[in-house]
Number of protein chains: 2
Amino acid sequence: MTRQRAAIIKVMRENCGHFTAEEIFLMAQKEYPSIVRATIYNNLNNMVEEGLVRRICQSGQPDRFDRNPMPHEHIICTLCGAVEDISLSDFKNRLSAEIGCEVEDYELVIHCKCSDCRKNKN
Amino acid sequence: MTRQRAAIIKVMRENCGHFTAEEIFLMAQKEYPSIVRATIYNNLNNMVEEGLVRRICQSGQPDRFDRNPMPHEHIICTLCGAVEDISLSDFKNRLSAEIGCEVEDYELVIHCKCSDCRKNKN
DNA sequence: AAAGTTATTATAATCATTCTAAAGTAATTT
DNA sequence: AAATTACTTTAGAATGATTATAATAACTTT
């Protein structure tokens, strides 16, 4: 546990959301001004491997990183582009049963209107 | 419909699979030697917009393009890395019902052992 | 056939991410 | 506590997929 890693964990805990490495870099700089982008990438990659952080990948855009430790899905709003969390209970097990093979991991990204945009429409 | 676009469609029809833009470029070159990468990207982007082709995006790897017009899911093998198709019937409607909002599109990528690797293990 | 639109080409640019090598820090052994 | 080893960070360059730009070519419409 280095100071740099602690700074990254701190800013991700205090600012919950789906951030790009660049956004995390800018936040971590306030905690630890001399930190460098490669350190952000190294730590985020490690954290993804350790299962502390999830990676959300969209074509043509930088990866986003999500601290939420509970398995959950992501909605990308077709109106405003926001990334929203949603949880489908027991999805991994249901999926394993359906395909007849143990799912080790999965990513489900749903494109629909986010809850804010649905509210505003009414 | 240009000759270049026809060449791209032809090689994707004759070589069914999940190809990177680079792989499609190399195949299309055999049909139309003067074709250029930008044309491949332009056409693939258009085809994705038109719904003729699906884009599969994995972090750290180039996007892959998949001609299969039926909605389907992708398995990425945790042993050999191959991309395999799988179809979950009526998944989009089931998903819409579950989240209480009309799903416009979705991507489901499953990490587990592909059917070849499961066979070979036995 | 001229004018206008759209696609292709060649090339350069972008930008997220990784690599390399050196220096620093932490952990472990003596 | 000093010495050795392993790991992390840093700075900066490199990579590589993809897009932008500007010029040319190929269709379409009048």
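Below, chain A is the first sequence line, B the second, and so on; all start at residue 1. Here the structure is a predicted model, which is why all the values come from computation and not from measurement.
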Just how far, in rounded Å, is [atom2] of [N] from [atom1] of [X]?
{"X": "N46(A)", "N": "dT9(D)", "atom1": "CG", "atom2": "C1'", "value": "12 Å"}
{"X": "L44(B)", "N": "dA17(D)", "atom1": "CG", "atom2": "P", "value": "14 Å"}
{"X": "R37(A)", "N": "dT10(D)", "atom1": "CZ", "atom2": "P", "value": "13 Å"}
{"X": "I35(B)", "N": "dA26(D)", "atom1": "CD1", "atom2": "C1'", "value": "15 Å"}

**Message:** Let me check the geometry of the helix from dA1(C)-dT30(D) to dT30(C)-dA1(D). What is the bend angle between the axes at its two ends, five pairs each, to 10°?
**Reply:**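 Angle reported: 30°, given to the nearest ten degrees.
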**Prompt:** Can you list, by residue number, the residues of residues 56-65 of chain B that have a non-hydrogen atom closer than 4.0 angstrom to DNA chain D?
**Reply:**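 By residue number: P62(B), D63(B).
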**Request:** May I ask you to list the residues of residues 7-34 of chain A, by number, that have any heavy atom positioned under 4.0 Å from an atom of DNA chain D?
**Result:**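 By residue number: Y32(A), S34(A).
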**Message:** Of all nucleotides in DNA chain C that come within under 4.0 Å of a heavy atom of chain B, which is furthest toward the 5' end and which toward the 3' end?
**Reply:**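 Extent of the interface on DNA chain C: dA7(C) to dA10(C).
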**Smallest separation among heavy atoms of Q58(B) and C57(A), with atom names** =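 Taking Q58(B) first and C57(A) second, the nearest heavy atoms are C-SG, 3.8 Å.
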**Request:** Identify which nucleotide among dT9(D), dT18(D), dT10(D) has an atom closest to any side-chain atom of Y41(B), counting heavy atoms from C-beta outward.
**Result:**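 Looking only at heavy atoms from C-beta outward on Y41(B), the closest nucleotide is dT18(D).
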**Asked** Are any of the side-chain nitrogens in R55(A) or D63(A) under 4.0 Å away from the carboxylate oxygens of its partner?
**Response**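 The answer is yes: the pair qualifies as a salt bridge.
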**Asked** Is the shortest distance from a Lys or Arg side-chain nitrogen in E104(A) or K113(B) to a carboxylate oxygen in the other one below 4.0 Å?
**Response**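 Result for this pair is yes, salt bridge flagged.
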**Request:** Report the residues that fulfil ring pair (Phe, Tyr, Trp, His ring centres under 6.0 Å) with H74(B), sequence neighbours left out, ordered by chain and then residue number.
**Result:**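 H74(B) satisfies ring pair (Phe, Tyr, Trp, His ring centres under 6.0 Å) with H18(B), H72(B) only.
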**Message:** Going by the rule side-chain contact (heavy atoms from CB on, under 4.5 Å), which residues pair with E102(A) if we only count those two or more places apart in sequence or in a different chain?
**Reply:**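 So E102(A) forms no side-chain contact (heavy atoms from CB on, under 4.5 Å) with any residue.
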**Message:** I'd like to check the side-chain contact (heavy atoms from CB on, under 4.5 Å) partners of E31(B); sequence neighbours left out, ordered by chain and number.
**Reply:**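 Counting only residues at least two positions away or on another chain, E31(B) forms a side-chain contact (heavy atoms from CB on, under 4.5 Å) with A7(B), K10(B), V11(B).
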**Request:** For dT9(D), take OP1 and OP2 only and decide whether either is under 4.0 Å from a side-chain N or O of T2(A).
**Result:**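 For dT9(D), OP1 or OP2 has a side-chain N or O of T2(A) closer than 4.0 Å.
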**Prompt:** How is the hydrophobic cluster of L95(A) composed, in terms of its other members, when Ile, Leu, Val, Met, Phe, Trp and Tyr link through side-chain heavy atoms under 4.5 Å apart, directly or indirectly?
**Reply:**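 Result for L95(A) is I75(A), I86(A), L88(A), F91(A), I99(A), V103(A), Y106(A), L108(A), I110(A), I75(B), I86(B), L88(B), F91(B), L95(B), I99(B), V103(B), Y106(B), L108(B), I110(B).
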**Asked** Quick one: hydrophobic cluster around V83(A), which other residues, with the 4.5 Å side-chain cut-off, linked directly or via members?
**Response**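 Result for V83(A) is I56(A), I76(A), V109(A).
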**Message:** Give me each pair satisfying ring pair (Phe, Tyr, Trp, His ring centres under 6.0 Å) with a member in residues 22-42 of chain A, each pair once, sequence neighbours excluded.
**Reply:**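 Listed by first then second residue: nothing to list.
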**Prompt:** Between N45(B) and M1(B), who's closer to the 5' end of DNA chain D by nearest nucleotide?
**Reply:**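 Here N45(B) is the residue nearer the 5' end.
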**Message:** Under the rule for salt bridge (Lys or Arg N to Asp or Glu O under 4.0 Å), what residues qualify as partners of E23(B), not counting sequence neighbours?
**Reply:**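 For E23(B) the salt bridge (Lys or Arg N to Asp or Glu O under 4.0 Å) partners, ignoring immediate neighbours, are R64(B).
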**Request:** Under the salt bridge (Lys or Arg N to Asp or Glu O under 4.0 Å) rule, collect the residues that match up with E49(B), sequence neighbours excluded.
**Result:**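 Expected list: none.
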**Request:** Would you sort out whether M47(B) and I9(B) count as a side chain to side chain contact (heavy atoms under 4.5 Å, CB included), showing the intermediate values?
**Result:** CA-CA 10 Å; M47(B) 288 160 146; I9(B) 290 172; 3.0 Å; yes
**Asked** For the hydrophobic clusters of this structure (ILVMFWY residues joined by side-chain heavy atoms under 4.5 Å, transitively), does one cluster hold both I24(A) and V48(A)?
**Response**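 In one cluster: yes.
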